[in-house]
Number of protein chains: 2
Amino acid sequence: MIKLTQAKFVTLKDIAEKAGVSVNTVSRALNNKPDINPKTKEKIEKIADELGYVKNSYATMLKSQVSNTIGVIVPDSSNPFFSEVFKGIDRAAKEKDYQIIMMNSEGLYENEEQFIRTLLERRVDGILLFPMQKSYEDIKELIRERFPIVLVGREYDGWDVDQIYSDEVKGGYIATKYLIEKGCKRIKMITDELYNSASFGRVEGYKKALKEKGKKVQDQDIKICDKIHEGYHIQAGYDEVTKMLKQKEIFDGIFCYNDLIAYGAIKALKEHGIRIPKDVRIVGYDDITFSSLIEPELTTIRVKKEEMGYEAFNMLYKRIKSDRISNSFVKKILDVELIIRKSA
Amino acid sequence: MIKLTQAKFVTLKDIAEKAGVSVNTVSRALNNKPDINPKTKEKIEKIADELGYVKNSYATMLKSQVSNTIGVIVPDSSNPFFSEVFKGIDRAAKEKDYQIIMMNSEGLYENEEQFIRTLLERRVDGILLFPMQKSYEDIKELIRERFPIVLVGREYDGWDVDQIYSDEVKGGYIATKYLIEKGCKRIKMITDELYNSASFGRVEGYKKALKEKGKKVQDQDIKICDKIHEGYHIQAGYDEVTKMLKQKEIFDGIFCYNDLIAYGAIKALKEHGIRIPKDVRIVGYDDITFSSLIEPELTTIRVKKEEMGYEAFNMLYKRIKSDRISNSFVKKILDVELIIRKSA
DNA sequence: TATTTTTTTGGTAACGTTAACGGTACTAAT
DNA sequence: ATTAGTACCGTTAACGTTACCAAAAAAATA
């Protein structure tokens, strides 16, 4: 039972006075330490409960220098992709009794910088970062100083830091290959801004499949929609396809950077009476929950989202627990899988 | 630039020694306090920067007794409804320079209890709670002790605490009324477990509309699906409708507790070749992003999600800043709105 | 009974920061 | 020359906890 006497928290001292023992003894009793008389312990626990003692974690953390907390920086927590990855993080953290401070960078560099500072001020034991930018001085500095950090979802080649991400090139490749095999003659790609390995990789896979099948890569077929942060992916996909249609571009297949963009693309196509997959075939990316619900059900690349989060935490945990001297960094690459549904 | 010399954080003392001044002077310099020579300040700032000083917020909080942090407890952060409410909270918190610690209770009472304790241990200045249960001793205790807390999304009648929630009865009422006016003869309702005002209110509105239109409320028409936590709403809606169909129940309208359940219901109906809205009309609740994307586009009740979060934070902020003696609590009720699309 | 061992407890200092207060040095006013 | 005022800086104590060591009490051994 939690009690706050007159909006003030009870301290160890208060308990000690009431129990007629020293503060130290109370501390030992409440922290299941050895060297304490079971009877004393019981008595102290009872008083602590009566008084509604709630430990002050600031004091504990200040003294012990560990927070049992990690920071997580995601670009957009309302994007179902990140929600699912986060679930995995959350599950792993609970297993190890760690707290999470989550921050929403909205994909903005200034935010990321600011958040890292805040997390450091809070003396988190480590940071899980979904980076958005191509490179950052602050993060590199953290890495240089061996601050426990794991980069999630994006590959940063040559960086001395633990990383976990999907095989993006493969994803882009099998998606595009499937479209070609289904008979698509001209496949467009709609991608997010090309500022990290996720977009680069998927585009690369797209190109690879085209080349392999003897098709020429047309640069104007790769649509880069900027400013699609903060949940605007759907809108971006919609706008891009609408524009393509208005300009009478010719295509019979679209490979979308993610499912949200695909949703928007489908909406635009439907509005113009274009049949999916008969006239245009669509493949998305991520396989978020809703992709099996929309019409037509979305063919997409399944990414191991929960596993990514779960593994990411455990990699970070390992790093936190190990010394900071080690020079061997782990790069974990998760496999992807084509989920065949109706849209292609 | 953040620097961590040999994985150890720099302290005020380190700066003081290097600058040849006292710790206090450094503190004043770095916190923009008066009584400091601009030249000294500049010098200290330079050294702090060189050394890569990052303040230890535990120490600050311990001393100052304020954390500028609130705790937010949501039942399921991967539910788009909560994501959107959370966005509002996040926006408001940023405006006031507050940090958020978010916790995912998964709708479990034990978790809520545990989380409140953790948040209290972290000495958050206040708590925003989306309660799942009907009543709790711990929360009541907090309220008794005037700990700053705002209950979000659910009404707790007679509780001396700030609350913000939607007009659920109205929502249930206009949804059901619309179905009746569209010609539905037999309307089922699929709801979450009846353990809070959201479910109660919506059911009440459903009943009210039926009665008003001279229809008898059939208790067996109200399907209560339990165990639909943790993102299983879609599955629950699917299972419930499948069961109804298997048992050859007769109905031409369904009012769903939320959009996710409606998605599942739609999926089940489609699989059985039942046409929407021709054979069965469906209305959802919440109006989450994806509801305008599924087929048929979902008619639903729009809840002011972002506003709810934004207002909730500001109510809490006010409470934190005011004294804790005040006996007047505010109850804010947000209006709802019927969004007519294709499913009904 | 005296001595050693074990168990249990208390005192002190420290974690890093800030607030209150006091002191010093310098300038301006009497 | 004395006083008053101001600007700047340092000392001290505190926030609540825990680690370390010493002390006391109890139990076990000689």
Side-chain angles (χ1 to χ4, degrees), chain A residues 4-5 7-45 47-48 51-69 117-118 120-125, chain B residues 4-5 7-45 47-48 51-69 117-118 120-125:
Chain A
L4 318 177
T5 317
K8 244 198 107 296
F9 283 94
V10 170
T11 68
L12 290 187
K13 201 176 152 205
D14 298 327
I15 300 173
E17 278 164 11
K18 188 146 185 182
V21 295
S22 78
V23 175
N24 194 348
T25 305
V26 177
S27 174
R28 273 200 308 268
L30 264 26
N31 287 297
N32 299 315
K33 298 265 156 138
D35 296 343
I36 186 129
N37 188 327
K39 286 195 71 176
T40 318
K41 184 175 172 179
E42 202 180 334
K43 179 176 150 202
I44 289 173
E45 278 170 344
I47 294 176
L51 259 38
Y53 172 74
V54 181
K55 89 149 58 170
N56 186 326
S57 60
Y58 298 145
T60 307
M61 288 164 177
L62 182 58
K63 187 69 176 78
S64 67
Q65 304 286 44
V66 285
S67 64
N68 274 322
T69 306
R117 170 145 234 118
T118 303
L120 254 24
E121 287 183 356
R122 302 211 139 207
R123 294 296 190 268
V124 293
D125 297 339
Chain B
L4 318 176
T5 317
K8 243 199 105 306
F9 283 94
V10 171
T11 69
L12 289 187
K13 201 175 153 206
D14 298 327
I15 300 173
E17 277 164 10
K18 186 144 186 183
V21 295
S22 78
V23 174
N24 193 341
T25 303
V26 178
S27 174
R28 274 199 306 265
L30 263 26
N31 287 297
N32 298 314
K33 299 265 158 140
D35 294 343
I36 186 130
N37 187 327
K39 285 194 73 174
T40 317
K41 185 174 170 178
E42 202 179 335
K43 178 176 154 203
I44 290 173
E45 279 170 343
I47 294 176
L51 261 38
Y53 172 73
V54 180
K55 86 148 62 170
N56 185 327
S57 59
Y58 299 145
T60 307
M61 289 164 179
L62 182 59
K63 186 70 175 79
S64 67
Q65 304 285 45
V66 285
S67 63
N68 273 321
T69 306
R117 170 145 233 119
T118 304
L120 253 24
E121 286 182 356
R122 307 213 116 180
R123 294 294 189 270
V124 293
D125 296 339

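Computed over heavy atoms, backbone and side chain alike; hydrogens, waters and symmetry mates excluded. The chains referred to below are lettered A, B, ... by the order of the sequence lines, with proteins before strands, and numbering in each begins at 1.
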* Structure fact -> Between N24(B) and L62(B), the residue closer to the 5' end of DNA chain D by nearest nucleotide is N24(B)
* **Phosphate contact (dT18(C) OP1 or OP2) by S27(B) side-chain N/O below 4.0 Å** => yes
* Hey, is the main chain of D14(B) close enough, under 3.5 Å, to the side chain of T11(B) for a donor-acceptor pair? -> yes
* To do: Considering just the side-chain nitrogens and oxygens of Y53(A), establish if one lies under 4.0 Å of OP1 or OP2 belonging to dT17(D).
  => yes
* Asked: Looking at Q65(A), does any N or O in its side chain come under 4.0 Å of the phosphate oxygens OP1/OP2 on dG16(C)?
  -> yes
* To do: Assign T11(A) to base, sugar-phosphate, or nothing according to its heavy-atom contacts below 4.0 angstrom with the strands shown.
  => sugar-phosphate
* Structure fact -> Taking every heavy atom of N68(B) against every heavy atom of D125(B), the minimum-distance pair comes out as N-OD2, 2.8 Å
* To do: Give, for atom CD1 of I44(A) and atom CD1 of I36(A), the distance between the pair rounded to the nearest 0.5 Å.
  => 5.0 Å
* Please give, in whole Å, the distance from dT17(C) C1' to K63(A) NZ? -> 15 Å
* To do: Whole angstrom is fine here: how far is it from NZ in K13(B) over to C1' in dT18(C)?
  => 16 Å
* Do you know which two heavy atoms are closest between A19(B) and K43(B), and how far apart they sit? -> O-NZ, 3.1 Å
* Taking OP1 and OP2 of dA19(C), is either one under 4.0 Å from a side-chain nitrogen or oxygen of K33(B)? -> yes
* Asked: Does N31(A) put a side-chain nitrogen or oxygen below 4.0 Å from OP1 or OP2 of dT18(D)?
  -> yes
* Asked: Would you say K33(B)'s side chain and S27(B)'s backbone share a donor-acceptor pair under 3.5 angstrom?
  -> no
Identify the pairs formed between an N or O of the protein and an N or O of nucleotides 5-9 of chain D at a distance under 3.5 Å, and give each distance.
residue	atom	partner	partner atom	Å
dC9(D)	OP1	T40(B)	OG1	2.6
dC9(D)	OP2	N37(B)	N	2.9
dC9(D)	OP2	T40(B)	OG1	3.4

* Cation-pi, Y58(A) ring and R123(B) (6.0 angstrom, 45 degrees) -> no
* When we call it a touch if two heavy atoms are under 4.0 Å apart, what does S64(A) touch: a base, just sugar-phosphate, or nothing? -> nothing
